[in-house]
Number of protein chains: 2
Amino acid sequence: MTARELGLPARVPGGELPERVRVWEVGARDGLQNEQSVVDVGVKLEFLDRLADAGLSTLEATSFVHPKWVPQLADAEELLARLSRRDGVRYPVLVPNERGLDRALAAGVQHIAIFGSATETFAQRNLNRTLDGQFAMFEPVVSRARAEGLDVRGYVSMCFGDPWEGPVDAAQVISVGKRLVDMGCSQLSLGDTIGVATPGQVEALLAGFVDAGVDLDALAVHFHDTYGQALSNTLAALRAGVSTVDSSAGGLGGCPYAESATGNLATEDLVWMLDGLGVEHGVDLDKLADTSAWMAQRLGRPSPSRVVRALRG
Amino acid sequence: MTARELGLPARVPGGELPERVRVWEVGARDGLQNEQSVVDVGVKLEFLDRLADAGLSTLEATSFVHPKWVPQLADAEELLARLSRRDGVRYPVLVPNERGLDRALAAGVQHIAIFGSATETFAQRNLNRTLDGQFAMFEPVVSRARAEGLDVRGYVSMCFGDPWEGPVDAAQVISVGKRLVDMGCSQLSLGDTIGVATPGQVEALLAGFVDAGVDLDALAVHFHDTYGQALSNTLAALRAGVSTVDSSAGGLGGCPYAESATGNLATEDLVWMLDGLGVEHGVDLDKLADTSAWMAQRLGRPSPSRVVRALRG
């Protein structure tokens with residue numbers, strides 16, 4: 001049985017939903033970079049190919065962060081050289097700085113993402129920059145990328161809570177996001193990096209962005225399931241008018257055996273909900289669950305996705 | 001950091017929320033009856049005591065189902081004899097039939113619950129009755145219980161999907177629920193026993209009950225997290241006006257190592273969301289997470305609750 005087979009509700013009192021959601025699949029990048037195992041490049045290529053087969057049309061492929069920091073993705077050049085790109089599928093790549101952009105351009109990348117922080121402490125710890133200083137690093141990346149015809153997404157991390165600073169002021173998040181949009185980012189991905197937010201806080205932040213003149217079409221949401229809130233927060237964001245949702249096949253990036261499950265929202269759990277809500281997404285859940293079960297075997301542990309465990313456990 | 005510390009949202013566009021939610025804690029009954037390990041009665045008593053200490057005011061304590069079917073709860077008489085009941089805490093007990101009611105009355109129980117099925121096949125498999133025939137079994141239980149001054153809750157299982165029949169017609173669920181209300185049940189607990197439902201379907205069923213004249217105050221929701229949908233469905237139910245939510249401390253009843261995680265919504269994950277939404281619940285999350293971590297140790301496996309693993313993993 002699938003959620004869709006239960007029948008679609010005649011009315012949805014909780015708010016309008018988008019007709020279609022773009023699933024921004026981050027498993028190959030955000031997922032694998034947070035797994036303990038380093039996966040062979042051949043497995044990554046098969047993974048991306050299977051995700052495209054399953055109907056996912058945005059596959060964040062890898063990262064040009066220095067291999068010293070993310071050894072899991074040290075094979076970015078080889079992966080992109082061997083990747084057989086599909087028509088209609090985008091393969092964005094994370095780019096931290098100008099050196100990363102050089103590598104991305106050399107690899108023929110057309111979509112990049114930069115990774116900004118909403119908080120001072122995380123900017124210093126993750127980027128070795130002040131909150132203000134990060135923009136000086138991003139500015140030449142975005143302007144050169146745009147001049148080369150690339151599309152640029154801006155991640156905003158720690159949008160709700162920060163492990164060092166605690167609660168994050170929405171005005172600060174909006175200020176950081178606005179600067180990235182003004183700089184030339186076509187979309188912001190608002191990240192609850194430590195997974196603490198709840199639906200009302202999500203709605204309030206989205207409303208704040210709209211009040212600040214950022215269109216909902218330029219906003220994506222990126223939730224982590226550390227406290228089990230990822231899908232509820234996604235529901236709230238969809239009903240607030242967001243139509244791009246980040247998720248990770250099989251919940252890659254969080255291990256069900258680890259002390260805390262800090263993983264991304266699992267794409268399968270998202271797709272199950274979208275199916276039941278009658279929201280189009282273009283994903284073949286069976287193929288996707290097969291792919292995640294296959295990847296879980298490669299990683300030597302069960303998938304954190306509840307749907308994958310229920311369907312393929 | 002807690003969800004509450006993030007600050008409460010100024011507006012909640014997705015629908016009104018109740019000011020206060022009654023958490024109907026089912027861990028000691030629905031949780032433990034679905035665990036492989038049989039827990040010693042002393043541990044159960046300490047568990048109930050710790051749950052009351054954590055502020056939970058409705059503790060479904062045990063079941064008078066025949067020990068042949070649920071050996072995990074075969075100690076119901078001893079548990080109730082040794083239970084030190086707290087003022088302001090209710091200890092409902094599941095009662096399947098008149099024999100169970102006799103045992104409950106002898107044990108001094110004041111709140112019982114009966115367990116009905118929304119589908120023909122589950123009625124036959126779980127109760128050995130037809131869908132219609134189950135009411136003949138319940139009727140003397142409810143009427144005698146009411147005559148003795150007991151409060152009776154009616155569970156309705158398989159409200160959305162059934163493993164043998166597939167999708168379940170909402171009209172049939174409403175018909176079963178109405179008969180239980182008319183019989184004298186003060187509250188219905190609408191169960192998504194196999195965890196397949198999504199928020200729009202939840203809202204549609206609740207709206208159907210209201211259209212059929214059943215007050216929202218007489219409805220509780222009972223979600224399983226098999227497909228990761230339990231908390232999103234709860235959010236939808238809260239916004240539709242439900243204010244009693246069933247959940248299980250630490251997600252008891254579902255094992256994170258099992259092939260499929262079929263457990264109840266974890267009370268901690270629910271409380272985290274309620275905290276962030278500014279909905280009162282009376283539960284001390286720290287004490288509850290301590291209790292669930294302690295019980296997970298007794299069961300020899302990690303808690304399925306994401307909050308428990310994040311806070312106490």
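Just so we're on the same page: letters track the sequence lines, and every chain starts at 1. Because only heavy atoms are used, hydrogens play no part in the values below, and waters and symmetry mates are left out as well, while side chains stay in. Keep in mind that what you see is a predicted model, and the values were worked out from it rather than measured.
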What are the two closest non-hydrogen atoms of [X] and [Y], and how far apart are they?
X	Y	value
G228(B)	R306(A)	N-CB, 3.6 Å
G276(A)	Q201(B)	O-NE2, 3.5 Å
P199(A)	R239(B)	CB-NH2, 4.5 Å

- Does any N or O in the side chain of W272(B) come within less than 3.5 Å of the main-chain N or O of T198(A), such that one atom is a donor and the other an acceptor? no
- Atom pair OH/CG of Y227(A) and L285(B) - distance to nearest 0.5 Å: 9.5 Å
- Message: Please report the interatomic distance CD(E203(A)) to CG(L277(B)), rounded to the nearest 0.5 Å.
- Response: 8.0 Å
- Task: With a 4.5 angstrom heavy-atom cut-off, could you sort out which part of L235(B) is near chain A: side chain, backbone, both or neither?
- Result: side chain
